[in-house]
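Presented below is the structure to which this report refers.
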Amino acid sequence: MPLKKPHNGLQNGDGSHEKDSRHFGNGSQQQNTDLNDHEGEQNLPSVLEVSNDSPVVNGIGSSLANGSLNLHSTVKRKLDGEKDYVFDKRLRYSVRQNESNCRFRDIVVRKEDGFTHILLSSQTSDNNALTPEIMKEVRRALCNASADDSKLLLLSAVGSVFCSGLDYSYLIGRLSNDRRKESTRIAEAIRDFVKAFIQFKKPIVVAINGPALGLGASILPLCDIVWASEKAWFQTPYATIRLTPAGCSSYTFPQILGVALANEMLFCGRKLTAQEACSRGLVSQVFWPTTFSQEVMLRVKEMASCSAVVLEESKCLVRSFLKSGLEDVNEKECQMLKQLWSSSKGLDSLFSYLQDKIYEV
Amino acid sequence: MPLKKPHNGLQNGDGSHEKDSRHFGNGSQQQNTDLNDHEGEQNLPSVLEVSNDSPVVNGIGSSLANGSLNLHSTVKRKLDGEKDYVFDKRLRYSVRQNESNCRFRDIVVRKEDGFTHILLSSQTSDNNALTPEIMKEVRRALCNASADDSKLLLLSAVGSVFCSGLDYSYLIGRLSNDRRKESTRIAEAIRDFVKAFIQFKKPIVVAINGPALGLGASILPLCDIVWASEKAWFQTPYATIRLTPAGCSSYTFPQILGVALANEMLFCGRKLTAQEACSRGLVSQVFWPTTFSQEVMLRVKEMASCSAVVLEESKCLVRSFLKSGLEDVNEKECQMLKQLWSSSKGLDSLFSYLQDKIYEV
Amino acid sequence: MPLKKPHNGLQNGDGSHEKDSRHFGNGSQQQNTDLNDHEGEQNLPSVLEVSNDSPVVNGIGSSLANGSLNLHSTVKRKLDGEKDYVFDKRLRYSVRQNESNCRFRDIVVRKEDGFTHILLSSQTSDNNALTPEIMKEVRRALCNASADDSKLLLLSAVGSVFCSGLDYSYLIGRLSNDRRKESTRIAEAIRDFVKAFIQFKKPIVVAINGPALGLGASILPLCDIVWASEKAWFQTPYATIRLTPAGCSSYTFPQILGVALANEMLFCGRKLTAQEACSRGLVSQVFWPTTFSQEVMLRVKEMASCSAVVLEESKCLVRSFLKSGLEDVNEKECQMLKQLWSSSKGLDSLFSYLQDKIYEV
């Protein structure tokens, strides 16, 4: 049962995530509260510093203009360029912290006409890497979107990287402090994050503007339509960094790509270009980077003009045969990660080794 | 139990479909009657105005020579060109109506050496669109072919369009008269049509000469080998025309194409060229239009030289793991369509809107 | 329960396979004995006439330099070229038959750093065709590898052909002697061979240097990573040679390639080039023939540097949803083959007809 505490966005922004998580323990059932939340958000779009056309929509495509394949430098350049913007955003947060409306710190949520737009825009990790806190924000946004009147969800990212997967520096830091407790906490955060995608009933469109790594790539088959910029690429080097697969990729990747390619990705860290991912079924279609965001918006708006019932029932038909299987896979995968993290001794050195590796292109 | 009434082809030709449907309610069990039917047909090939080489075999490939992508004009030109032929055919029907042998109006069935050839050649709908009556004819032909000594089935179409799916003008007409009764009748006709493909035990080869839309594309994964002319293309814009998926496409499309592309087809009406459909697994192989029919015939005849037991047992092995699942999917999909058709208010306007849309290329 | 008899490699080499098969009836449980076997083997690498770099590793790629598409002549040329080598090997066998260490006649097994390398190198059949005796050798080697400290398995072939599937001349010979008994024996040998792949817990990497036909192609989806030389090609003309599918291909091929292409392979003997097999998911990646063996070795060694636990648990996650299904399929397929072989009358003539056919390119 949800606690009757005021929904103050900054409770998430300032770290009080633990308490809030109870609201999401049972999936996406909190319609009233969440709808209220959303109305608050809807009334104050400018608070998020996301105007209707430029900064966010550009976020999908614009910073991809630089063709550099060195992720580190690309990202640094981007962060330099956006430093003022970030600072500005932070400032506004602190200014408005009593207004209960800027409830997300590492994602941006925009309520559009007929759909909800979630943008990964992490302030607390590099390259949109995922921490338990960020995953909880996404879950909250999914929960809100499942209960409001939007017909579908658009997921994209601000910056030149879509999502670099789990935040390994965070992982190393936490696991070296208290391996037992933290391995459980982080594995459960992943499980709940993935479960939120499995259980989401409206169509999810993902727009991949750049690299999608690890968990950031694994969740794509849990979404319904995957549009990618030519600059996107995909990699899930789990075995290389001494992890077992997550995000249901141990099931969905062989299903979609065939065992041969799926295992090459999971075991050998094989990287797929956008075109390869498209020709093998992970991606629906690839677009030219300069017009990517417009192409996506055009299509999403057209989809949002469809009947809500048809969209949801169609997704239900497509997913019904997979759902329970995926939930089992998710449980097993996270159980295995917890075991690995709580037992393995050389974890820290491995992580540091592979944190370098993963960004080599 | 089948009624002991004489099988007169014109009963189907003149609209008395309701009574006849009882014969097919339980699948394809009516061996004796159907075999008798077939023998009659076999003895009178010329009645169907289908000589052994030119008009029908050409039907697969010849009229594709015009490369126009405007379906409407292509089809009209074709119909103009074949007007005399059509008229002639009708005439012969009326002449021979007491001979009980021209039992099909909208399809042509030819018994070849080792295989049965069914050609969609609709006289009562445009572009080989499907009505409950036409679907029943196909089911009858499948039933006959399952019981006779043919080793496999070849399905193709006369004209430049393979099959444009459900006949929407028919749908609108019927649903606007009696939404409740007609929604049930039409949904059940689709269910039984699709079920006949799921349950057919001999290999089905499909030769796709031109566009395959909606249900005409959805049933392809229920067939065993799909050969396509370079001029073929595939589209299942269910959500766009406010329908939920049919023909088991909610299951088979994600299975074959991956969720990302399958959903783009089902939700956004993404069109696949023959080459795309081939590279993604919906089509076995693509052939040059001018030699398409010969290539198909060559291969089908070679297949028909195999052992009947091996063909049927091989198909049994390949399909056994899918069969019961597909039957469930089919039931669910048709249940959903019935609900949509019996409840939705703006159906007519949607249909008219989309009937235009679907033929835009 | 395993018999306590000494493990002498030449028992397999000299034909006493029947007794030995009991050791493998229950999968790969015989850790102690097998480990002992393996240690013996490890100590005497030179006995197998396989030096660390040249003959075997070259075996993967070198003889592919001749681009001939005529399999017969290619193979004959190869055998001529290697005649001395073969003779030499045989000689060594007879010389060392009391040393209990050259336990394989038609395969070569090398224990490398972190992985086991099995090479098909049949002396008793042409083109690495499979007989029950050769399949038993592979099972023994898999059993050993499952129990020792290797982290993964590399499977490749000596010569220009990877594996030409069942040895049809062997089949014809045996079945014409005692159809009833031999059909059971051979079908069970296939069943146990395929089962050994299904149950193998460590990752299996296959390096396909040339043609992989019939059972030699069917088992690839039971392996985890499939790397192919540009010279490889794939064909499973089961129906053409009047057989039903084996090696779980009736399940795995439709799963990976889609029903349309899978059936074209199973029913019509459609041949896939390495590139086609790769783009459709049967193969992970294609390499240039001249550097194929090096590329494979490089990658296998890198994989072998991963944690054994992660490799095995990852494979377990990927395979867990398939395992029981695959075992059922395998049983059904072999049951069907047994029926065909014990009943069909014209089997011999068909076999002789198709033995020619299968090698036409």
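Here is how names work: the chains are called A, B, and so on, in the same order as the sequence lines, proteins then strands, and each is numbered from 1.
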Segment of C/L282 engaging chain A (4.5 angstrom heavy-atom cut-off)
backbone

Every donor-acceptor pair from chain A to chain C under 3.5 Å, please, each on its own line.
unit_1	atom_1	unit_2	atom_2	d
A/R242	NH2	C/S305	O	3.3
A/A260	O	C/S284	OG	2.7
A/N263	ND2	C/D224	O	3.0
A/E264	OE2	C/W227	NE1	2.6
A/E264	OE2	C/Q285	NE2	2.5
A/R270	NH1	C/S284	O	3.0
A/R280	NH1	C/C278	O	2.8
A/R280	NH2	C/C278	O	3.0

Per-residue contact mode, C/C278 against chain A (heavy atom under 4.5 angstrom):
both

Quick check on A/P254 against chain C: is it the side chain, the backbone, both or neither that has a heavy atom closer than 4.5 Å?
side chain

Interatomic distance, C/L311 atom CG to A/L266 atom CG [nearest 0.5 angstrom]
11.5 Å

C/G281 and A/A260: which non-hydrogen atoms are nearest, and at how many Å?
O-CB, 3.8 Å

Just verifying a value: how many Å separate A/L261 CG and C/I256 CD1, rounded to the nearest 0.5 Å?
11.0 Å

For C/C223 and A/V259 the tightest heavy-atom approach is O-CG2, 4.3 Å

